[in-house]
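Accompanying notes for the structure given below.
Along the sequence shown, residues are numbered consecutively beginning with 1. As the structure is a prediction and not an experimental result, all values here were calculated from the model. What's counted below: heavy atoms across the whole structure, side chains too, no hydrogens, waters or symmetry copies.
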Amino acid sequence: MENSSKKIRVLVVDDSALMRKMIPLILKKDPGIEVVGTAVDGIFALKKVEKFRPDVITLDMEMPGMDGLTTLKHIMARFKTPVVVVSSLTTKGARITMQAFELGAMDVVAKPQDAISVHIQEIAEELITKVRAVSRSSTSKLYLPPPPEVPPALKVVKGGRRRRTETVVAIGISTGGPNALAYMLPHIPADFPAALLIVQHMPAGFTEVFASRLNKICKIEVKEANEGDMVLPGRALIAPGGKHLKIKRMRIGTIAVLSTSAPVNGHRPSADVLFESACGQYGHSTVGVIMTGMGQDGAECLGNIQRAGGITIAQDEQSSIVFGMPKVAIEKGHARRVVPLEKMAGAIMAAVPRKGEKEYVAAK
């Protein structure tokens, strides 16, 4: 029987002396977490991973000597230890973090700027929660590497960009999401007849770079949502970090609406906010999808989509990095289908009938 009192053993890797002091202090607030050591760069980190065999590593990306990406490659090759990236809020930091996801990092926390940051408590709670979540995960569930980049010429949507979407696919996803979306979305064809709306729990400043990276490897267009963006077939809009994503149907078509209202389920953006808005505007023509992630965001309002007659899909336990959000949705009876990640794109495509096709009927 598993010993529930066993502490989660964490190694903190950061070249900043302040961070090597602050991060352990944050983690020690949780009695179930033990910081077994710190390291100033990748070379020292690998020695300490070998010595302590931690359950989780928090890893800075921008370090002298052996940098974070090189260190991560060695960690994944030799130890398979779950890694949470602690990254600076810069464009460069975001780009490096996206590369880290491709190499096997499981989640990211924005690096606190100083010990008296007004957001320090929020960051502390996020870091503790994510360390706990990935400690129960296996890197063997990661789908690597991502597919090659798609030539821009293949992104032409048949029928033109101005046609309205008759169906929306709303996706809620969290820990393990960047890797899962990089695997799943490239399987969606350029002429997909519905719009996709995605809430990926990620710090503000990272989602634009994340969307840009996905756009390079997908046949559909992927972009971070801006206020007033058109919701179109063959386009995926990703909610910006720090803002809720809603939609509104108008004469000109459906547009994206952003909000900085209070977090829901501890998140902004929130999948529940997106699901409620999508269902309110599209009713039975909404497809709700809930994927890997900690907590329960999206589980409740997935039920709204189901009750309205829409299709609801959840990722299964075996392929989820963290089986939190999908588990709650499934236990509530709100998921009409439960599928592994490798079949998720197919399930989404089957749920969106093309003109002349019969409506999707869930497989038994």
Side-chain angles (χ1 to χ4, degrees), residues 107-110 119 121-130 132-133 168-178 180-181 195-208 210-211 222-227 229 231 236-248 254-283 286-308 310 312-315 320-332 334-335:
D107 216 325
V108 60
V109 175
H119 301 297
Q121 184 57 38
E122 181 180 324
I123 292 169
E125 292 174 3
E126 181 183 6
L127 180 59
I128 289 170
T129 301
K130 290 183 175 180
R132 279 195 160 278
V168 292
V169 178
I171 300 174
I173 189 165
S174 185
T175 304
L181 289 173
L196 294 100
L197 305 162
I198 301 170
V199 162
Q200 162 69 65
H201 296 157
M202 190 176 282
F206 290 81
T207 42
E208 182 178 7
F210 178 51
V222 184
K223 72 182 297 290
E224 182 187 56
N226 291 311
E227 182 75 21
D229 272 348
V231 177
L237 296 179
I238 296 182
K243 295 182 180 180
H244 292 304
L245 174 60
K246 301 180 181 181
I247 58 173
K248 184 175 182 181
T254 305
I255 63 168
V257 179
L258 303 181
S259 166
T260 55
S261 58
V264 175
N265 301 316
H267 298 286
R268 189 176 61 211
S270 163
D272 267 326
V273 171
L274 172 62
F275 289 171
E276 184 176 24
S277 176
C279 183
Q281 297 296 305
Y282 278 84
T286 309
V287 178
V289 182
I290 198 158
M291 297 175 66
T292 177
M294 60 187 181
Q296 59 183 14
D297 189 32
E300 187 60 40
C301 287
L302 194 71
N304 293 353
I305 296 173
Q306 185 185 55
R307 287 185 288 273
T312 55
I313 306 169
Q315 186 175 347
S320 294
I321 293 298
V322 178
F323 192 54
M325 290 159 54
K327 180 182 180 181
V328 177
I330 293 166
E331 288 177 345
K332 286 178 176 287
H334 294 168

Is a side-chain donor or acceptor of E276 paired with a backbone partner of C301 at a separation under 3.5 angstrom?
no
Judged by atom type as modelled, is there a donor-acceptor pair below 3.5 Å linking the side chain of T312 to the main-chain atoms of Q306?
no
Could you tell me which non-hydrogen atom of V168 sits nearest to which non-hydrogen atom of A278, and how far apart they are?
CG2-CB, 4.1 Å
Determine the minimum heavy-atom distance between A170 and F275, stating which atoms define it.
O-CE2, 3.4 Å
Check whether T292 reaches the backbone of T175 with its side chain - one donor and one acceptor, N or O, closer than 3.5 Å.
yes
Determine whether a donor-acceptor pair (N or O, by modelled atom type, separation under 3.5 Å) exists between the side chain of H244 and the backbone of V257.
no
Identify each donor-acceptor pair in which a side-chain atom of residues 323-330 lies under 3.5 Å from a protein atom, sequence neighbours left out, and give them as a table.
none

Any donor and acceptor pair, going by atom type alone, linking the side chain of K130 with main-chain N or O of V108 inside 3.5 Å?
yes
Which pair of non-hydrogen atoms, one from V231 and one from I255, has the smallest distance, and what is that distance?
CG2-C, 3.9 Å
Taken in chain and number order and not counting sequence neighbours, the residues that satisfy salt bridge (charged side-chain N to carboxylate O under 4.0 Å, His left out) with R307 are none
Just checking, any donor-acceptor pair under 3.5 angstrom between side chains of T207 and E224?
yes
Could you pull out all residues at least two apart from D272 that satisfy salt bridge (charged side-chain N to carboxylate O under 4.0 Å, His left out)?
none
